[in-house]
Visitor: 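Attaching a single structure in structure tokens format; questions to follow.
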Amino acid sequence: MTAAKNLSELQDQIRTRYGELSKRLQQVAKYLIDNKNIVAMQTVAAIAKEAGVPPSTLIRFASTFGFSGFNEMKQIFRLDLVKETASYTERARLFREMEGDASVEQPHEILQEFVRANTQSMQQLVLHTPEAELRQAVELLADAETIYVMGSRRSFSAAVYLRYALSHLERRTVLLDGLGGMLAEQLALMGSRDVVVSISFSPYAEETVTVSQKAAQVGARQIVVTDSQISPMASLSDVCFVIKEAQVDAFRSQAATLCLLQSLAVSLAFKKSEE
């Protein structure tokens, strides 16, 4: 079995397979689902004691779900705890507590880690982005009557960049920012000759999912930039770009996303110059 990449995926796997687990493993499963923040912070010995099982049962449980050991599984709980913390200062504090001296804290160390992680992410972007999908996305943007761009929370800056880039190509573009609670009004004129670019990563913004569903209802074409083929927008898309952004501790980059969007905008510019 392939190990889950995040806590939500792991919880789904546990719920799906719960009935086939032994009583001891069911005991562990219930404890992990009900006490995710405790699991993130406690040692294996402490978790085993609280769950009422020997440490070896935790190791067996982790192996059942595709992990090499329980500490590898526990890392998913730790990352989830930090991601739920909105304050970057609080995230840093939590990581310092959990990682101790192993945590990257000095500015130049952090820079080195982000450069390293972003380099790998960029390489994966090139390897796993089909040329046919890039061409299709550019065709959709070129043929669109209006281009609607949606990105909420951490994806908002990427959406703003794309809106900026498209404005230099004389493309009619609407940034769906929902300013003043007017998202529904911004969507009111969307039609089948339009294209919607939706940018969202787990945990997926509810507003972005709503926009994608609205686009499907009116027959607008959709370009989705996300992190999984099973994201709620992927099944509604005409073109779906799956990006694995770089991450240092619980701090995710946007470099690969911006690189993709810039590539689409520049490709569109070259296409327009040929017309």
Side-chain angles (χ1 to χ4, degrees), residues 5-6 83 86 88 91 114-115 117-130 133-138 140-142 144 146-169 171-179 183 186-187 190 194-215 220-234 236-269:
K5 295 179 176 62
N6 54 61
K83 287 176 183 176
Y88 274 23
R91 287 190 187 186
F114 269 112
V115 169
N118 277 314
T119 299
Q120 293 179 351
S121 179
M122 292 291 194
Q123 290 172 341
Q124 292 299 309
L125 177 65
V126 174
L127 288 173
H128 298 292
T129 303
E133 293 190 358
L134 288 169
R135 291 183 181 277
Q136 185 182 358
V138 173
L140 289 176
L141 293 173
T146 301
I147 301 170
Y148 291 85
V149 183
M150 178 63 185
S152 188
R153 300 201 287 266
R154 68 179 291 267
S155 299
F156 182 69
S157 58
V160 170
Y161 166 75
L162 183 58
R163 168 64 181 85
Y164 164 81
L166 293 174
S167 70
H168 286 277
L169 298 174
R171 303 298 299 155
R172 184 187 300 167
T173 308
V174 176
L175 177 65
L176 297 170
D177 55 10
L179 187 63
L183 182 59
Q186 288 180 322
L187 292 172
M190 182 188 294
D194 300 327
V195 168
V196 178
V197 182
S198 298
I199 310 164
S200 189
F201 302 90
S202 179
Y204 308 105
E206 183 179 345
E207 306 95 318
T208 308
V209 176
T210 298
V211 167
S212 190
Q213 292 170 339
K214 172 66 175 177
R221 310 299 293 274
Q222 297 194 55
I223 300 170
V224 169
V225 180
T226 188
D227 56 0
S228 172
Q229 288 287 359
I230 61 172
S231 80
M233 291 84 62
L236 302 174
S237 68
D238 294 278
V239 181
C240 181
F241 295 106
V242 176
I243 294 180
K244 300 299 181 184
E245 279 289 9
Q247 182 166 311
V248 176
D249 293 339
F251 301 94
R252 286 179 289 181
S253 176
Q254 291 186 314
T257 300
L258 290 170
C259 183
L260 173 68
L261 297 177
Q262 186 173 39
S263 299
L264 291 175
V266 173
S267 296
L268 181 59

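None of these values were measured; they are calculated from a predicted model.
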Visitor: Give, for atom NZ of Lys5 and atom OG of Ser202, the distance between the pair rounded to the nearest 0.5 Å.
Guide: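 Interatomic distance, Lys5 NZ to Ser202 OG, rounded to 0.5 Å: 12.5 Å.
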Visitor: Keeping Asn118 on the side-chain end and Ala246 on the backbone end, is there a donor-acceptor pair under 3.5 Å?
Guide: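 Judged by distance alone, no pair lies under 3.5 Å.
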Visitor: So Asp177 and Gln186, side-chain hydrogen bond (donor to acceptor under 3.5 Å, both in side chains) or not? Walk me through it.
Guide: CA-CA 9 Å; Asp177 55 10; Gln186 288 180 322; 2.9 Å; yes
Visitor: What's the shortest heavy-atom distance between Ala256 and Ser121, and which atoms?
Guide: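 Of all heavy-atom pairs spanning Ala256 and Ser121, the closest is CB-OG, 3.5 Å.
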Visitor: Which pair of non-hydrogen atoms, one from Val209 and one from Tyr204, has the smallest distance, and what is that distance?
Guide: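 For Val209 versus Tyr204, the nearest heavy atoms are CG2-CB, 4.3 Å.
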Visitor: Once rounded to the nearest 0.5 Å, what's the spacing between atom NZ of Lys214 and atom OG1 of Thr210?
Guide: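 Those atoms lie 11.5 Å apart.
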Visitor: Step by step, work out the side-chain contact (heavy atoms from CB on, under 4.5 Å) result for Leu175 and Phe156.
Guide: CA-CA 10 Å; Leu175 177 65; Phe156 182 69; 4.3 Å; yes
Visitor: Is Ile223 close to Leu141 at the side-chain level, that is, under 4.5 Å between some pair of heavy atoms?
Guide: yes
Visitor: Tell me the closest heavy-atom pair linking Ser228 and Ala234, and the distance in Å.
Guide: O-CB, 4.0 Å
Visitor: Of the non-hydrogen atoms in Ala144 and Val195, which two are nearest, and what is the gap between them?
Guide: CB-CG2, 3.5 Å
Visitor: Who passes side chain to side chain donor-acceptor pair (under 3.5 Å) against Gln120, sequence neighbours left out?
Guide: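 Side chain to side chain donor-acceptor pair (under 3.5 Å) check on Gln120 returns nothing, list empty.
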Visitor: State, with a plain yes or no, whether a side-chain heavy atom of Leu125 is found less than 4.5 Å away from one of Gln123.
Guide: no
Visitor: Once the angle between the rings of Tyr164 and His168 is folded into 0 to 90°, is it parallel (under 30°), tilted (30 to 60°) or perpendicular (over 60°)?
Guide: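 Tyr164 and His168: perpendicular rings.
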Visitor: Measure the spacing between OG1 of Thr119 and CD of Gln124 and express it to the nearest 0.5 Å.
Guide: 12.0 Å
Visitor: Looking only at non-hydrogen atoms, find the nearest pair between Thr257 and Ile243 and report the distance.
Guide: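 Nearest pair, atom of Thr257 first, then Ile243: CA-CD1, 3.8 Å.
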Visitor: Would you mind reporting whether Leu169 and Leu166 have side-chain heavy atoms less than 4.5 Å apart?
Guide: yes
Visitor: Can you find a pair of side-chain heavy atoms, one from Arg221 and one from Val196, that are under 4.5 Å apart?
Guide: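 No. Closest side-chain heavy atoms not under 4.5 Å.
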Visitor: Kindly say whether Ala142 contributes a backbone atom to a donor-acceptor pair with the side chain of Arg171 at under 3.5 angstrom?
Guide: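 Yes; at least one donor-acceptor contact below 3.5 Å.
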Visitor: Atom SG in Cys240, atom CD in Gln222: separation rounded to 0.5 Å?
Guide: 10.5 Å
Visitor: side-chain contact (heavy atoms from CB on, under 4.5 Å) for Arg154 and Gln254? Distances and angles first, verdict last.
Guide: CA-CA 9 Å; Arg154 68 179 291 267; Gln254 291 186 314; 4.0 Å; yes
Visitor: Among residues at least two apart in sequence or on other chains, which ones pass side chain to side chain contact (heavy atoms under 4.5 Å, CB included) with Ser152?
Guide: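 Counting only residues at least two positions away or on another chain, Ser152 forms a side chain to side chain contact (heavy atoms under 4.5 Å, CB included) with Met150, Ala205, Glu207, Thr208.
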Visitor: More than 12 heavy atoms of other residues, nucleotides or ligands under 6.0 Å from CZ of Arg135: yes or no?
Guide: no
Visitor: Evaluate the side-chain contact (heavy atoms from CB on, under 4.5 Å) criterion for residues Tyr148 and Asp194: first the C-alpha distance (whole Å), next the side-chain angles of each, then the deciding distance (0.1 Å), finally the verdict.
Guide: CA-CA 8 Å; Tyr148 291 85; Asp194 300 327; 3.6 Å; yes
Visitor: Any side-chain heavy atom of Phe241 within less than 4.5 Å of one from Thr226?
Guide: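 A side-chain contact is absent here, since even the closest heavy-atom pair is not under 4.5 Å.
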Visitor: Would you say Leu127 has more than 12 foreign heavy atoms packed within less than 6.0 Å of its CG?
Guide: yes
Visitor: Is there a side-chain contact between Val239 and Val224 (heavy atoms, below 4.5 Å)?
Guide: no
Visitor: Taking the side chain as everything from C-beta on, heavy atoms only, tell me whether Val149 gets closer than 4.5 Å to Val174.
Guide: no
Visitor: Under 4.5 Å between any side-chain heavy atoms of Thr173 and Thr146, yes or no?
Guide: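 With C-beta onward as the side chain, the pair stays apart.
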Visitor: Under the criterion side-chain contact (heavy atoms from CB on, under 4.5 Å), I'd like the reasoning laid out for Ile147 against Leu162: C-alpha separation, chi angles, the key distance, then a yes or no.
Guide: CA-CA 10 Å; Ile147 301 170; Leu162 183 58; 5.8 Å; no
Visitor: What closest approach, in Å, do Ser212 and Leu236 show between heavy atoms, and which atom pair accounts for it?
Guide: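 That closest heavy-atom pairing would be OG-CD1, 3.5 Å.
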